[in-house]
Amino acid sequence: MKLTKQTATSLLTAGMLAIAATMNATNPFLSDYNTPFNIPPFERITENDYMPALKAGMEQHNKEIQAIIDNPETATFENTIVALDNAGQLLENVSLAFNSIYEAMSTPRLQEIGTEVFPMLSSHSDEIMMNDKLFARIKTVYDNRQSLNLTTPQKRLLEKYYKDFARNGALLSDEKKAELKKINEELSKLNQKFGDNIVKGINNWKLVIDNKADLAGLPQSSIDVAAEEAAAAGMPGKWIFTLQAPSRLPFLTYCDNRQLRERLFTAYINLANTGEENDNKALINQILTLRTKKAKLFGFNNYAEYATDNVMAKTPAAAEELLMKVWKPAVAKSHEEIADMQAYVDRHGGNFKIAGWDYYYYADKVKQERFNFDENEVRAYFPIESVRQGIFRMAERLYGITFKEVENVPIYHPDVKVYEVLDSESKHLATFMTDYYARRGKRQGAWMFVFQEANGTKDIRPIVYNVGNFTKPTADSPSLLTIDEVETMFHEFGHGLHGMLTRSQYKGNAGTNVDRDFVEFPSQLHEHWMFEPELLKEYARHYRTGEVIPDALVRKLIESSKFNQGFANTELVGAALLDLKWHQLTDLEGINAAEFERSVAESLGMPEQIPFRYRSTYFNHIFSSDGYAAGYYTYIWAQVLDCDGFEVFQKTGNVFDPATAARLKHVLESGNDEDPMTLYEGFAGHRPDAGALLRDKGLDK
């Protein structure tokens with residue numbers, strides 16, 4: 001039989017349909033989940049499902065984009081902007097699941113897949129963002145926006161898409177578009193490698209202790225976890241400490257052996273900086289060089305100008321101006337703290353100068369002496385399940401929402417817990433998932449993100465999750481949180497509330513899809529409730545006796561809350577300034593990360609005992625993605641808002657004041673539906689006062 005073109009096409013189509021049918025039957029992403037709340041069916045997903053599903057998602061997304069372009073009707077808000085906002089659901093489902101698993105339980109195979117996936121996704125995004133015909137329709141709507149009777153949320157969504165496309169190359173020449181695509185693809189590879197190197201560095205380093213005397217000073221919970229870590233590594237009878245925060249920070253705070261503290265501290269501040277395979281120094285230069293080229297394509301002198309142009313700060317100078325208002329009093333306070341610690345060392349017969357590996361240890365000693373405060377005593381009142389109930393109770397009292405634990409739903413790891421979130425009328429509001437414990441392969445730090453974005457046009461409610469790296473329970477003890485870990489839990493839950501409460505009609509405006517220097521406001525604001533006596537009485541209970549935290553201990557918590565704020569703000573603001581300095585460079589030729597850091601520290605007058613919160617080679621926020629590149633300052637920017645905002649509650653005499661809480665709830669529900677400063681002023685009744693931050697941290701004296 002002669003094979004005609006038509007016959008060949010028919011056979012090919014039939015074959016593709018057969019393959020697609022087989023794929024749908026075996027790949028969980030390519031059919032309806034049919035799971036509670038539409039949670040991804042993790043128990044059926046394998047590592048090999050991601051790549052074909054991502055490719056199918058991109059193909060479907062391209063078809064949806066082409067349908068928008070081919071629409072013969074004049075471009076309107078509905079047929080162009082809303083259609084674009086709703087396009088790519090399959091790709092979004094797969095990429096959200098992949099990104100989550102990649103960060104929460106990375107494996108060598110996932111890293112291999114990521115090496116191919118991330119450049120592919122970057123290229124796909126570029127093809128859409130630089131599509132002339134698609135942008136022409138967006139521009140038509142944008143140019144006619146004054147005559148369209150758009151609501152404020154619709155105007156915000158339209159402006160968001162127009163600016164996103166413009167900032168991602170839509171207005172560039174074909175030659176510059178091609179250059180930008182190459183830059184973005186290469187950056188995606190370098191960002192991934194940077195983050196992978198940090199995970200490998202953490203996984204590859206351990207401190208093995210075989211002499212029990214070397215454990216002196218450490219809390220029993222840390223010793224037990226270290227023993228279990230050693231047993232799991234085939235070294236029963238020994239103890240293993242790692243660079244993960246739940247292991248590292250208690251060791252630096254309590255271990256009496258100064259030499260061992262120095263070993264662990266030195267290993268951490270040299271993470272991905274040892275000249276070996278996982279060294280990140282060369283990657284930093286490559287990333288910054290490409291970012292500088294990208295900024296110049298858009299007419300900016302450097303990447304910091306590009307990054308701050310479309311957010312609240314507007315310029316690097318404005319960001320630095322705010323940072324320096326905190327920097328100077330923070331450094332002055334840190335010198336006082338160092339002097340107090342040195343005096344303690346001298347009084348107790350020490351014959352050495354305070355160094356970086358001494359800071360946590362002697363800060364704790366001075367704190368105990370000054371306030372009769374023992375954090376190990378405090379930790380007993382903060383088992384993780386009690387703190388979980390504390391954050392839920394805070395949300396209930398402020399916003400009238402409740403959390404109902406659900407079982408027999410898909411989870412990607414046994415540590416994960418799932419909750420249905422109900423509004424004040426007991427109607428489904430969101431799904432909330434938590435994954436709190438540290439483990440091998442999990443990225444360091446804590447974060448919030450979603451498995452499903454809210455979308456009012458399709459009546460889709462969000463699936464929000466919080467991830468942490470807290471100490472695991474042992475056979476004899478639950479996970480007992482440090483003060484910093486309690487703060488982290490409230491912080492990430494604040495992000496979660498921003499995602500869960502959203503009522504925006506459009507996906508692109510929903511939840512945390514707001515200006516980068518506004519996104520930290522809800523997270524940091526909710527930290528303020530963690531040690532409010534009224535709430536503490538409801539959730540802080542001793543893990544053995546069930547006793548409510550005593551009034552005397554609450555007073556110590558409050559009295560000591562401003563202790564060590566010089567150190568805390570010096571390392572934080574220092575990192576934010578380092579980030580901005582890196583991204584204002586225009587010539588990276590011959591720049592050495594360690595030397596550059598040293599020059600920045602010297603120019604700022606940074607105390608030698610305090611390292612940057614994140615040294616460059618493990619500064620994940622700014623080098624493993626562009627999410628906080630030239631934007632780490634936003635934590636301080638948002639602190640002005642959160643400290644000023646909490647004073648609004650305090651001035652009512654009731655930190656759960658219903659009227660104030662209702663105005664705050666409107667901010668969280670609105671997402672990007674209104675200008676962030678308009679939202680803030682509507683809540684607070686005034687513009688934010690930077691002095692509130694200094695007052696809150698005790699840096700105003």
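Every heavy atom of this structure was used, including side-chain atoms; hydrogens, water molecules and symmetry mates were not.
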Inset, instruction - Would you indicate whether the side-chain heavy atoms of His526 and Met489 approach each other to under 4.5 Å? - result: no

Legend entry - Between Ser504 and Asn672, a side-chain donor and acceptor under 3.5 Å: no

Legend entry - Pairs satisfying salt bridge (Lys or Arg N to Asp or Glu O under 4.0 Å), at least one member in residues 442-451, at least two apart: Glu103-Arg443, Asp435-Lys442

Legend entry - Charged tip of Lys367 within 45° of Phe373 ring normal and under 6.0 Å: yes

Inset, instruction - Taking Asp657 for its side chain and Thr660 for its backbone only, find out whether a donor-acceptor pair lies under 3.5 Å. - result: yes

Inset, instruction - Check Ala629 against Asp579 and note the closest heavy-atom contact, atom names and distance. - result: C-OD1, 4.0 Å

Legend entry - Side-chain heavy atoms of Asn466 within contact of Phe493, under 4.5 Å: yes

Inset, instruction - For the residue pair Thr152 and Asp673, establish whether any side-chain heavy-atom pair is separated by less than 4.5 Å. - result: no

Inset, instruction - Hey, can you tell me if Tyr419 and Phe392 have their rings parallel, tilted or perpendicular (30° and 60° cut-offs)? - result: perpendicular

Inset, instruction - For the residue pair Leu577 and Phe612, establish whether any side-chain heavy-atom pair is separated by less than 4.5 Å. - result: no

Legend entry - side chain to side chain contact (heavy atoms under 4.5 Å, CB included) against Val225, all qualifying residues, sequence neighbours excluded: Thr471, Thr474

Legend entry - Any donor-acceptor pair under 3.5 Å from Arg379 side chain to Leu480 backbone: yes

Legend entry - Geometric class of the Tyr635/Tyr632 ring pair [parallel <30°, tilted 30-60°, perpendicular >60°]: tilted

Inset, instruction - Please tell me if the side chains of Leu497 and Met500 come closer than 4.5 Å, counting only heavy atoms from C-beta onward. - result: yes

Legend entry - Polar contact flag, side-chain donor to acceptor under 3.5 angstrom, Gln368-Asp364: yes

Inset, instruction - Using a 4.5 Å cut-off on heavy atoms from C-beta on, say whether the side chain of Ile463 contacts that of Val450. - result: no

Inset, instruction - Provide the closest heavy-atom pair for Pro611 versus Glu571 in the form atom of the first, atom of the second, distance. - result: O-CB, 3.6 Å

Legend entry - Any donor-acceptor N/O pair, Ser670 side chain to His666 backbone, under 3.5 Å: yes

Legend entry - Which atom of Leu525 lies closest to which atom of Phe646, heavy atoms considered: CD1-N, 3.7 Å

Legend entry - Closest non-hydrogen atom pair between Val514 and Gly511, with its separation: CG1-O, 3.8 Å

Legend entry - Under-4.0 Å salt bridge between Glu681 and Arg687: yes

Legend entry - Residues which pass salt bridge (charged side-chain N to carboxylate O under 4.0 Å, His left out) with Glu159, listed by chain and number, not counting sequence neighbours: none

Inset, instruction - Please answer whether the main-chain N or O of Lys507 pairs with a side-chain N or O of Asn513 as donor and acceptor at a distance below 3.5 Å. - result: yes

Legend entry - Spatial distance of atom OG1 (Thr402) from atom CZ (Arg393) [nearest 0.5 Å]: 11.0 Å

Legend entry - Residue list, salt bridge (charged side-chain N to carboxylate O under 4.0 Å, His left out) with Arg695, at least two apart or on another chain: Glu647, Asp689

Legend entry - Where at least one partner belongs to residues 403-415, residue pairs that pass salt bridge (Lys or Arg N to Asp or Glu O under 4.0 Å), sequence neighbours excluded: Asp415-Arg439

Legend entry - Check: Ser624 main-chain N/O paired with Asn620 side-chain donor or acceptor under 3.5 Å: no

Inset, instruction - Taking atom NZ of Lys537 as the centre, report whether more than 12 heavy atoms of other residues, nucleotides or ligands fall under 6.0 Å from it. - result: yes

Inset, instruction - Please list all pairs passing the salt bridge (Lys or Arg N to Asp or Glu O under 4.0 Å) test where one or both residues lie in residues 479-494, with sequence neighbours left out. - result: none

Legend entry - Closest approach of Phe567 to Glu337 (non-hydrogen atoms, all atoms of both residues): N-OE1, 2.9 Å

Legend entry - Salt-bridge criterion met for Lys556 and Glu559 (N-O under 4.0 Å): no

Inset, instruction - Measure across Asn376 and Asp374 and return the closest heavy-atom pair with its distance rounded to 0.1 Å. - result: N-OD1, 3.0 Å

Inset, instruction - With the side chain counted from C-beta on, respond yes when Tyr680 and Asp644 share a heavy-atom pair under 4.5 Å apart, and no when they do not. - result: yes

Inset, instruction - Check whether any side-chain heavy atom of Thr431 lies under 4.5 Å from a side-chain heavy atom of Val464, and answer yes or no. - result: no

Inset, instruction - Just say parallel, tilted or perpendicular for the rings of Tyr412 and Phe42, cut-offs at 30° and 60°. - result: perpendicular

